[in-house]
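Report on one structure; see the data block that follows.
Residue numbers run from 1 in the order of the sequence given.
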Amino acid sequence: MPTSSASTSDAAKTANSGGVQSLERAFDLLERMADAGGEVGLSELSASSGLPLPTIHRLMRTLVSCGYVRQQPNRRYALGPRLIRLGESASRLLGTWARPHLARLVEETGETANMALLDGDEIVYVAQVPSKHSMRMFTEVGRRALPHSTGVGKALLAGAAPDEVRALLRRTGMPAATDRTITTPEGFLQALELVRRHGYAVDDSEQEIGVRCLAVPVPDSPTAAAISISGPAGRVTDAATVRIVPVLQEVARELSRTLNSAGAGTAAG
């Protein structure tokens, strides 16, 4: 049976990397499902991956039997519950790797440092190192928030296409956490343009009155991530921003290298 060019390319890539082709294909399908919102049909997966339907059906049947995918009554496939445990464990490990970098942020800026991911349509905080000031900000690890009212949300969505951002905002709504919260898609898209232009995002009392947050994306992160510092608006002033942003950007680059290093879990060992 002739193979598609995509399959041939996959085989060559697998041979060169010493990997197992079926595993690579299975993980690729899981990522494509996540990109599609978590539920897809076989024909959609075939069109996006270039793999033949029989191959996809065989892989999906295996993933279903393992609990990583489930088949819906409408015959479409959805991400399965066993992925939740893997995701939670990975988030904890990600926080462990990030913590030394966040500690450096606290040392150099004096403010609380956070790391957050975009999980579906929400922001989830996966790591924090608190400020040493008696008046400091605290965000519980695992807390979720809507992207439109957070600095990390702006940093994470700045690289997304406007249509994707509008679709997300339609799904979540744009409730006002304070009277400073951006509550229109046009206003939020303008804020994202400023993030792209300046290289950092600001939450100026948009999530909580009197609290100012500065955030940057982690470049080339294996999963979209952002880091931030937050503190009282009286300390995180415009003058402080000029000093803090370069530190944030440098730490983000260092964290990216840590996350992308081969065998990150053994790099320190």
Practice task
In plain terms, say whether Arg243 and Glu108 are close enough for a salt bridge, that is, a side-chain N and a carboxylate O under 4.0 Å apart.
Solution key: no
Fill in the blank from the handout: Closest non-hydrogen contact found for Arg180 with Ser205 is CB-O, 3.4 Å
Fill in the blank from the handout: For Ala155 and Ala226, the nearest pair of non-hydrogen atoms, with its separation, is CB-CB, 4.1 Å
Problem - Thr181 side, atom OG1; Glu206 side, atom CD - distance, nearest 0.5 Å - result: 6.5 Å
Practice task
Flag yes if Leu259 and Val124 sit in one hydrophobic cluster, no otherwise; membership is Ile, Leu, Val, Met, Phe, Trp, Tyr, and two members link when side-chain heavy atoms are under 4.5 Å apart.
Solution key: yes
Handout entry: Hphob cluster co-occupancy, Leu248 + Leu194, side-chain heavy atoms under 4.5 angstrom
Key = no
Practice task
Could you note down all residue pairs passing salt bridge (charged side-chain N to carboxylate O under 4.0 Å, His left out) where residues 208-218 supplies at least one of them, sequence neighbours left out?
Solution key: Asp204-Arg212, Arg212-Asp238
Practice task
Only counting residues at least two apart or in another chain, list the ones meeting side chain to side chain donor-acceptor pair (under 3.5 Å) with His148.
Solution key: none
Handout entry: Non-neighbouring partners of Ser48 that pass side-chain contact (heavy atoms from CB on, under 4.5 Å), sequence neighbours left out
Key = Arg32
Practice task
Could you pull out all residues at least two apart from Pro219 that satisfy side-chain contact (heavy atoms from CB on, under 4.5 Å)?
Solution key: Ala252, Arg253, Ser256
Exercise for the section: May I ask whether Val245 and Leu102 are part of the same hydrophobic cluster, defined by side-chain heavy atoms of I, L, V, M, F, W, Y residues being less than 4.5 angstrom apart, directly or through others? Expected result: yes
Handout entry: Stepwise side-chain contact (heavy atoms from CB on, under 4.5 Å) test for Glu107 and Lys132
Key = CA-CA 9 Å; Glu107 286 295 324; Lys132 297 177 182 177; 2.5 Å; yes
Problem - Rounded distance [0.5 Å steps], CG in Leu214 versus CD1 in Ile229 - result: 4.0 Å
Exercise for the section: Drop me the distance from His198's NE2 to Thr241's OG1, to the nearest 0.5 angstrom. Expected result: 11.5 Å
Handout entry: Sidechain-backbone polar pair: Thr183 side chain, Ala176 backbone, donor-acceptor under 3.5 Å
Key = no
Exercise for the section: Report yes if the side chains of His57 and Leu42 come closer than 4.5 Å at any heavy-atom pair, otherwise no. Expected result: yes
Exercise for the section: Kindly say whether Ala224 contributes a backbone atom to a donor-acceptor pair with the side chain of Ser221 at under 3.5 angstrom? Expected result: no
Problem - OG1-CD1 distance between Thr237 and Ile244, expressed to the nearest 0.5 angstrom - result: 7.5 Å
Problem - Closest approach of Ser22 to Leu59 (non-hydrogen atoms, all atoms of both residues) - result: O-CD2, 3.8 Å
Handout entry: Minimum side-chain heavy-atom gap Asp179-Ile209 below 4.5 Å
Key = yes
Handout entry: Spatial distance of atom CD (Gln128) from atom OG (Ser228) [nearest 0.5 Å]
Key = 8.5 Å
Handout entry: Sidechain-backbone polar pair: Arg82 side chain, Cys66 backbone, donor-acceptor under 3.5 Å
Key = yes
Handout entry: Any donor-acceptor pair under 3.5 Å from Ser46 side chain to Leu51 backbone
Key = yes
Practice task
Check whether Val216 and Val242 end up in the same hydrophobic cluster, where Ile, Leu, Val, Met, Phe, Trp and Tyr are linked by side-chain heavy atoms less than 4.5 Å apart.
Solution key: no
Problem - Heavy-atom side-chain proximity of Ile56 to Ser49 below 4.5 angstrom - result: yes
Fill in the blank from the handout: To the nearest 0.5 Å, atom CE of Met33 lies from atom CD of Glu39 at 8.0 Å
Problem - Side-chain touch Pro175/Leu146, heavy atoms, less than 4.5 angstrom - result: yes
Handout entry: Flag side-chain contact, heavy atom, 4.5 Å: Arg235 against Glu111
Key = yes
Fill in the blank from the handout: For residues 44-70, the salt bridge (charged side-chain N to carboxylate O under 4.0 Å, His left out) pairs (sequence neighbours left out) are Glu44-Arg76
Handout entry: Pairs meeting criterion salt bridge (charged side-chain N to carboxylate O under 4.0 Å, His left out) with involvement of residues 157-173, two or more places apart
Key = Asp121-Arg171, Arg166-Glu186
Handout entry: Pairwise side-chain contact, Asn114 with Ile227, heavy-atom cut-off 4.5 Å (strictly under)
Key = no
Handout entry: Contacts of type salt bridge (charged side-chain N to carboxylate O under 4.0 Å, His left out), residue Asp220, not counting sequence neighbours
Key = none
Problem - Min side-chain heavy-atom separation Val106-Thr112 under 4.5 Å - result: no
Handout entry: Those residues that, when tested against Glu122, pass side chain to side chain donor-acceptor pair (under 3.5 Å) (two or more places apart)
Key = Arg144
Completion exercise
In terms of heavy-atom contacts, Leu255 and Ala98 come closest through CD1-CA, 3.9 Å
Practice task
Tell me, please, which residues at least two apart from Arg196 pass salt bridge (charged side-chain N to carboxylate O under 4.0 Å, His left out).
Solution key: Glu193
Problem - Hydrophobic cluster of Ile182, others only, ordered by chain and residue number, side-chain cut-off 4.5 Å - result: Leu118, Ile123, Tyr125, Val152, Leu156, Leu157, Val165, Leu168, Leu169, Met174, Phe188, Leu189, Leu192
Practice task
Run the numbers on Leu30 and Leu79 for side-chain contact (heavy atoms from CB on, under 4.5 Å), then give the verdict.
Solution key: CA-CA 7 Å; Leu30 289 173; Leu79 296 176; 3.9 Å; yes
Exercise for the section: List the atom of Ser149, the atom of Asp203, and the distance in Å for their closest heavy-atom pair. Expected result: O-OD2, 3.7 Å
Handout entry: side chain to side chain donor-acceptor pair (under 3.5 Å) partners of Arg143, counting only residues at least two apart
Key = Gln207
Handout entry: Donor-acceptor under 3.5 Å (Thr258 side chain, Glu254 main chain)
Key = yes
Problem - Same cluster (ILVMFWY, side-chain, under 4.5 Å), Leu117 and Val129 - result: yes
Problem - Partners meeting side chain to side chain donor-acceptor pair (under 3.5 Å) with Gln71 (sequence neighbours left out) - result: Tyr77
